Amino acid sequence: GESVGLHLPTLSVQEGDNSIINCAYSNSASDYFIWYKQESGKGPQFIIDIRSNMDKRQGQRVTVLLNKTVKHLSLQIAATQPGDSAVYFCAERLYSGAGSYQLTFGKGTKLSVIP
Amino acid sequence: EAQVTQNPRYLITVTGKKLTVTCSQNMNHEYMSWYRQDPGLGLRQIYYSMNVEVTDKGDVPEGYKVSRKEKRNFPLILESPSPNQTSLYFCASSSLYNEQFFGPGTRLTVL
C-alpha cells in the first residue's frame, strides 16, 4: 500500500470501542472544517464537516466537535469496526479574498482497529 | 457515477522530461485543486482553480503549472521534473462551498 501512514501519530483501538481523533487547526478565521478518511492505496474520502457557527455535528456513527476557543477539532467514531482502520485527516478552510479559498490539511492520524 | 479521474495512475520518468497529469470531474464543480502527499508532510496544496480561466497558487507551486480551459479538466504540468517532485498527487473538486471529492491519486517517480 501507499506510505502515507509513515511517521504519523497512531491510535490503536479495540473493535467495538469508541475512538477519538484530535486535530489542532491553525487559523482562527477558518470558517469550515472537514474530516477525511484515507485507506491504503486510495484518495481521501469525505466523512463529515462542520461550519464555524456550530459546536457539534453528528453523522452515522461519527460526531465532530469544534472548540473555537482553543482551535481544536475532534472526530469521534462510535463502535469502531475493522473497516475504520485508515489515516484520518482534518482540514480547515480559509477565505483568501475575492471569492477564493484554500484548504489546509493536518498531517493525519493513523487509526488501527484491533479485532 | 460521480467521480474525479486522474491519468496516469503510475508514472516513472527521468529528470527534465516534461509531463502532464490529467484530471477530470463529471460533477460540474467550479472548484478544482491539486495536492501532493509526502510521508510526514501530509497533503499540501499545489494549485487551485475557482472556475474556468481562474487559477491560484497553493502552498507549494514551484515547479508546477496548471490550466483551466474547461470546467471539467484541470491538468497538472511539470515542465522539467526533478527528483524532489517524486510524490503521490491528488486532484480534487468541489462545488464552491462544500467538501472536496478526491481522485484516486497518481504515483510519480522522477529518476
Side-chain angles (χ1 to χ4, degrees), chain A residues 1-10 21 23-27 30-53 57 59 62 64 75 86-110, chain B residues 2-7 9-10 21 23 25 27 29-61 68 86-109:
Chain A
E2 304 296 352
S3 59
V4 299
L6 288 179
H7 314 302
L8 291 177
T10 299
I21 300 171
C23 175
Y25 64 92
S26 59
N27 200 313
S30 294
D31 72 326
Y32 177 58
F33 304 88
I34 311 168
W35 278 100
Y36 285 93
K37 172 186 180 183
Q38 187 175 22
E39 296 174 282
S40 183
K42 297 184 180 179
Q45 180 184 9
F46 171 82
I47 303 173
I48 192 168
D49 58 1
I50 188 169
R51 300 193 187 276
S52 60
N53 61 354
R57 188 155 189 238
V62 293
V64 55
L75 176 71
V87 176
Y88 290 81
F89 296 95
C90 66
E92 60 180 301
R93 184 180 74 185
L94 180 67
Y95 276 98
S96 50
S100 183
Y101 69 85
Q102 277 191 271
L103 267 187
T104 302
F105 285 80
K107 302 251 186 311
T109 297
K110 184 176 182 180
Chain B
Q3 59 183 351
V4 178
T5 57
Q6 296 178 225
N7 281 292
R9 293 290 315 279
Y10 301 90
V21 184
C23 173
Q25 50 94 5
M27 295 169 278
H29 284 161
E30 295 87 1
Y31 186 95
M32 296 186 76
S33 183
W34 275 103
Y35 298 88
R36 60 177 290 173
Q37 188 173 40
D38 303 287
L41 297 177
L43 280 159
R44 293 181 293 167
Q45 192 174 48
I46 303 171
Y47 269 95
Y48 62 99
S49 168
M50 299 297 293
N51 215 323
V52 176
E53 302 292 0
V54 179
T55 61
D56 283 293
K57 294 178 180 179
D59 297 317
V60 288
R68 188 90 183 274
T86 293
S87 187
L88 179 59
Y89 291 87
F90 289 101
C91 179
S93 75
S94 71
S95 55
L96 278 182
Y97 304 111
N98 293 309
E99 76 278 10
Q100 294 191 8
F101 293 87
F102 283 80
T106 295
R107 168 65 74 181
L108 172 66
T109 301

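The structure presented is a predicted model; accordingly, all values stated were derived computationally and were not measured.
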Under the side chain to side chain contact (heavy atoms under 4.5 Å, CB included) criterion, do A:L75 and A:I47 qualify, and how do the steps go?
-> CA-CA 10 Å; A:L75 176 71; A:I47 303 173; 4.1 Å; yes
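If you measure heavy-atom distances from B:Q100 to chain A, the contacts under 4.5 Å come from both the backbone and the side chain. Heavy-atom distances place the side chain of B:S94, and not its backbone, under 4.5 Å from chain A. Both the backbone and the side chain of B:D59 come within contact range of chain A, each with at least one heavy atom under 4.5 Å from a heavy atom of that chain. Both the backbone and the side chain of B:E99 come within less than 4.5 Å of a heavy atom in chain A.
Comparing A:P44, A:G43, A:G108 by heavy-atom pairs within less than 4.5 Å of chain B, the highest count is held by A:P44.
In this structure, A:Y36 and A:F105 have tilted ring planes: the angle between them lies in the 30° to 60° band.
Side-chain polar atoms of A:Y32 and A:D49 form a donor-acceptor pair below 3.5 angstrom. B:D38 and B:S87 form a side-chain donor-acceptor contact under 3.5 Å, judged by distance and modelled atom types alone.
Between the A:E92 side chain and the A:S26 main chain, a donor and an acceptor come within less than 3.5 Å of each other.
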